Amino acid sequence: MNTRFDAIVIGTGQAGPALAARLSQAGMKVAVIERKYFGGTCVNTGCIPTKTLVASAYAAHLARRAGEYGVTTGAPINVDMKKVKARKDEISGRSKQGVENWMGGLANVTVYRGHARFDGPRVVRVNDNVLAADKLFINVGGRALVPPMTGLDQVSYLNNSTMMDVDFLPEHLIIVGGSYIGLEFGQMYRRFGSKVTIVEKGPRLIAREDEDITQAVQEILEMEDIQIRLNAECMSVRKEGARIVVGLDCAEAGREVEGSHLLLAVGRVPNTDDLGLDKAGVETDKFGYIKVDDQLRTSVPGIWALGDCNGKGAFTHTAYNDYEIVAANLLDNDPRKVTDRIMTYGLFIDPPLGRAGMTEAQVRASGRKALVATRPMTQVGRAVEKGETQGFMKVVVDANSKEILGAAVLGVTGDEVIHTLLDVMYAKAPYTTISRAMHIHPTVSELLPTLLQGLKPLA
Ligand SMILES: Cc1cc2nc3c(=O)[nH]c(=O)nc-3n(C[C@H](O)[C@H](O)[C@H](O)COP(=O)(O)OP(=O)(O)OC[C@H]3O[C@@H](n4cnc5c(N)ncnc54)[C@H](O)[C@@H]3O)c2cc1C
């Protein structure tokens with residue numbers, strides 16, 4: 001016997017809970033299914049715990065630099081990893097519990113704990129329950145990718161989830177993957193006191209960014225004595241006693257790094273392989289991402305896919321924006337769509353990188369006439385006063401429309417400052433909106449008008 005609902009939400013990541021709440025407010029009878037931790041990746045093994053750990057690492061870093069500010073501390077600075085983890089668990093756990101209580105307390109919502117699988121286009125099984133609805137929303141997220149690598153089955157390794165259980169200081173952490181997740185863990189563990197080596201397959205870190213950003217980020221990490229090994233095109237791993245050895249080159253045996261622990265941070269895969277999508281007729285692409293249109297409808301009418309599993313974004317804010325798009329279309333008669341949004345994200349090393357829109361390289365490739373301006377953080381008063389002058393900011397503007405095409409702020413509070421530029425981009429206003437504005441002194445944002453007054457043709 002099927003239990004009938006108006007809507008079924010599979011997964012409680014960054015889109016599902018808010019959508020379930022809206023649907024229930026609209027008077028629908030809703031089923032919410034979660035197989036593991038309420039709140040999903042961001043709350044339990046992603047953004048919240050990592051940024052909590054980044055804050056502990058920053059405290060250690062600043063404590064070591066205290067003398068530069070005229071502050072005396074009892075040296076040496078030590079990090080109590082058990083307390084660091086306990087603080088992280090407390091903050092992340094509170095958030096998880098908040099989502100669980102929220103879902104449990106919603107009117108018209110029944111929460112099921114277990115793995116959901118489609119049994120047909122309108123039917124989902126969870127444990128011994130068979131649920132049916134005319135509207136189904138898939139918000140199953142993703143997990144860490146395990147790359148094909150010789151020897152990986154012979155060694156133990158960590159990923160972003162198992163890193164959450166670490167309550168000790170690895171002597172030498174080798175991180176495979178020189179992108180956002182790898183760099184955040186790398187700087188954090190270096191600041192906790194581990195030796196850190198980041199191994200990257202490609203010729204540079206964070207390859208989707210402009211080369212000047214990559215260069216500056218690499219310098220920031222190397223200043224803290226993080227070892228970076230690039231061009232590791234053919235990697236292998238092996239055990240040597242209690243040690244782990246990562247080979248960087250299949251042809252050259254001696255090119256290798258030896259450490260105590262290995263973290264793999266080489267990308268994500270969607271949780272769509274064990275969802276019975278074939279029984280529902282929902283199409284995926286060759287990487288397993290669910291195919292959706294601009295309003296997040298799948299190939300089957302009545303089924304939507306939101307968040308990381310649809311491949312349209314890989315961030316908490318893109319997942320939440322997916323919820324807003326679906327809710328607006330279904331409940332508010334507002335035809336919002338994915339292509340309305342401007343890509344934006346942060347890299348939460350210290351100092352952070354805030355990014356919006358196109359990179360300079362993308363603008364060049366587009367062939368349009370453009371203007372560019374850059375300013376080093378050494379010329380930003382607030383950064384100098386804070387003693388945090390690494391990085392720079394850059395804005396690229398369309399020479400004809402005067403609209404901002406893209407921006408990067410790598411520097412203290414760069415993850416916040418970027419929003420001034422982003423919101424003007426959403427307004428489709430000319431850059432002169434900012435260059436003629438008066439900002440607060442002394443702030444990092446204060447220099448945005450000055451930066452834009454110095455625009456020059458992109459050479
Ligand atoms: C280390 C790390 C750091 C990150 N930092 C940031 C950051 O700073 N900023 C940012 O914007 N993004 C960050 N991200 C990315 C962000 O966490 C994700 O983009 C976001 O969580 C995606 O949300 P989602 O709703 O798509 O899925 P998820 O949050 O992954 O949630 C999916 C949920 O579905 C459940 N589920 C899966 N399959 C089933 C099933 N068959 N039945 C029932 N339940 C199921 C899962 O248990 C999970 O709870 C980070 C990611 C990682 C790994």
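Just so it is clear, the structure is predicted and the values come from calculations on it, not from any experiment. Order of appearance sets the numbers: ligands from 1, and atoms from 1 within every ligand.
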May I ask you to list the atoms of ligand 1 that are less than 4.0 angstrom from any heavy atom of [X]?
X: Gly40; value: 29 (O), 31 (O), 48 (C), 49 (O)
X: Tyr37; value: 49 (O)
X: Phe348; value: 8 (O)
X: Leu275; value: 41 (N)
X: Lys51; value: 5 (N), 6 (C), 7 (C), 8 (O)
X: Gly142; value: 30 (O)
X: His115; value: 41 (N), 42 (N)
X: Ala314; value: 15 (C), 19 (O)

Any N or O of [X] closer than 3.5 Å to N or O of ligand 1:
X: Arg268; result: no
X: Leu306; result: no
X: Glu34; result: yes
X: Phe315; result: yes
X: Thr50; result: no
X: Phe185; result: no
X: Asn139; result: yes

Best match, [options]: closest heavy atom to [atom]:
atom: atom 27 (O) of ligand 1; options: Ala15, Gly141, Ala116; answer: Gly141
atom: atom 10 (C) of ligand 1; options: Thr316, Leu53, Asn160, Val126; answer: Thr316
atom: atom 50 (C) of ligand 1; options: Gly346, Cys47, Ala305, Gly267; answer: Cys47

Practice problem: State, yes or no, whether a side-chain contact exists between Ile342 and Tyr426 at a heavy-atom distance under 4.5 Å. | Solution: yes

For a 4.5 angstrom cut-off between non-hydrogen side-chain atoms, does Leu183 reach Ile198?
yes

Item to complete: For Thr197 and Gln227, run side chain to side chain donor-acceptor pair (under 3.5 Å): C-alpha distance rounded to whole Å, both residues' side-chain angles, the deciding distance at 0.1 Å, then the answer.
Response: CA-CA 4 Å; Thr197 302; Gln227 305 299 310; over 6 Å; no

Does ligand 1 have any atom that is closer than 4.0 Å to a heavy atom of [X]?
X: Gly114; value: yes
X: Glu184; value: no
X: Met163; value: no
X: Thr45; value: yes

When rounded to the nearest 0.5 Å, the distance separating OG1 of Thr298 from CD of Glu283 is 9.0 Å

To the nearest 0.5 Å, atom CE of Met28 lies from atom CD1 of Ile8 at 13.0 Å

Can [X] and [Y] be counted as an ion pair, charged N to O under 4.0 angstrom?
X: Asp167; Y: Lys82; value: yes
X: Arg204; Y: Glu209; value: no
X: Lys394; Y: Asp212; value: yes
X: Lys96; Y: Glu100; value: no
X: Glu224; Y: Arg64; value: no

Return the closest protein heavy atom for [atom] as residue, atom name and distance.
atom: atom 21 (O) of ligand 1; value: Cys42 N, 3.2 Å
atom: atom 18 (C) of ligand 1; value: Asp308 OD2, 3.3 Å
atom: atom 2 (C) of ligand 1; value: Gly46 CA, 3.5 Å
atom: atom 30 (O) of ligand 1; value: Thr41 OG1, 2.5 Å
atom: atom 31 (O) of ligand 1; value: Gly13 CA, 3.2 Å
atom: atom 37 (C) of ligand 1; value: Val140 O, 3.2 Å
atom: atom 44 (N) of ligand 1; value: Arg35 N, 3.2 Å

Quiz item: Angle class for the His317/Phe315 ring planes (parallel below 30°, perpendicular above 60°, tilted otherwise)?
Solution: parallel

Ligand 1 versus [X], non-hydrogen atoms closer than 4.0 Å: side chain, backbone, both, neither?
X: Ala144; answer: neither
X: Ile181; answer: side chain
X: Arg117; answer: neither
X: Ile10; answer: side chain

Note to self: Checking side-chain polar atoms at under 3.5 Å, does Arg143 have a donor or acceptor matched by the opposite partner on Asn159?
What the structure shows: no

The side-chain contact (heavy atoms from CB on, under 4.5 Å) partners of Val412 (sequence neighbours excluded) come to Ala383, Lys386, Glu388, Val444

* Counting distance only, does the side-chain N/O of Asn329 pair as donor-acceptor with the main-chain N or O of Val326 below 3.5 Å? -> no

Indicate yes or no for a side-chain donor-acceptor contact from Arg355 to the backbone of Ala407 under 3.5 Å, with no hydrogens or angles considered. yes

Residues 115-144 vs ring-ring contact (aromatic ring centres under 6.0 Å, His included), sequence neighbours excluded, gives Phe137-Trp304

Tell me if the aromatic rings of Tyr189 and His172 count as close, with their centers under 6.0 Å from one another. no

Exactly one of Val363, Asp210, Ile404 clears side-chain contact (heavy atoms from CB on, under 4.5 Å) with Val396, and that residue is Val363

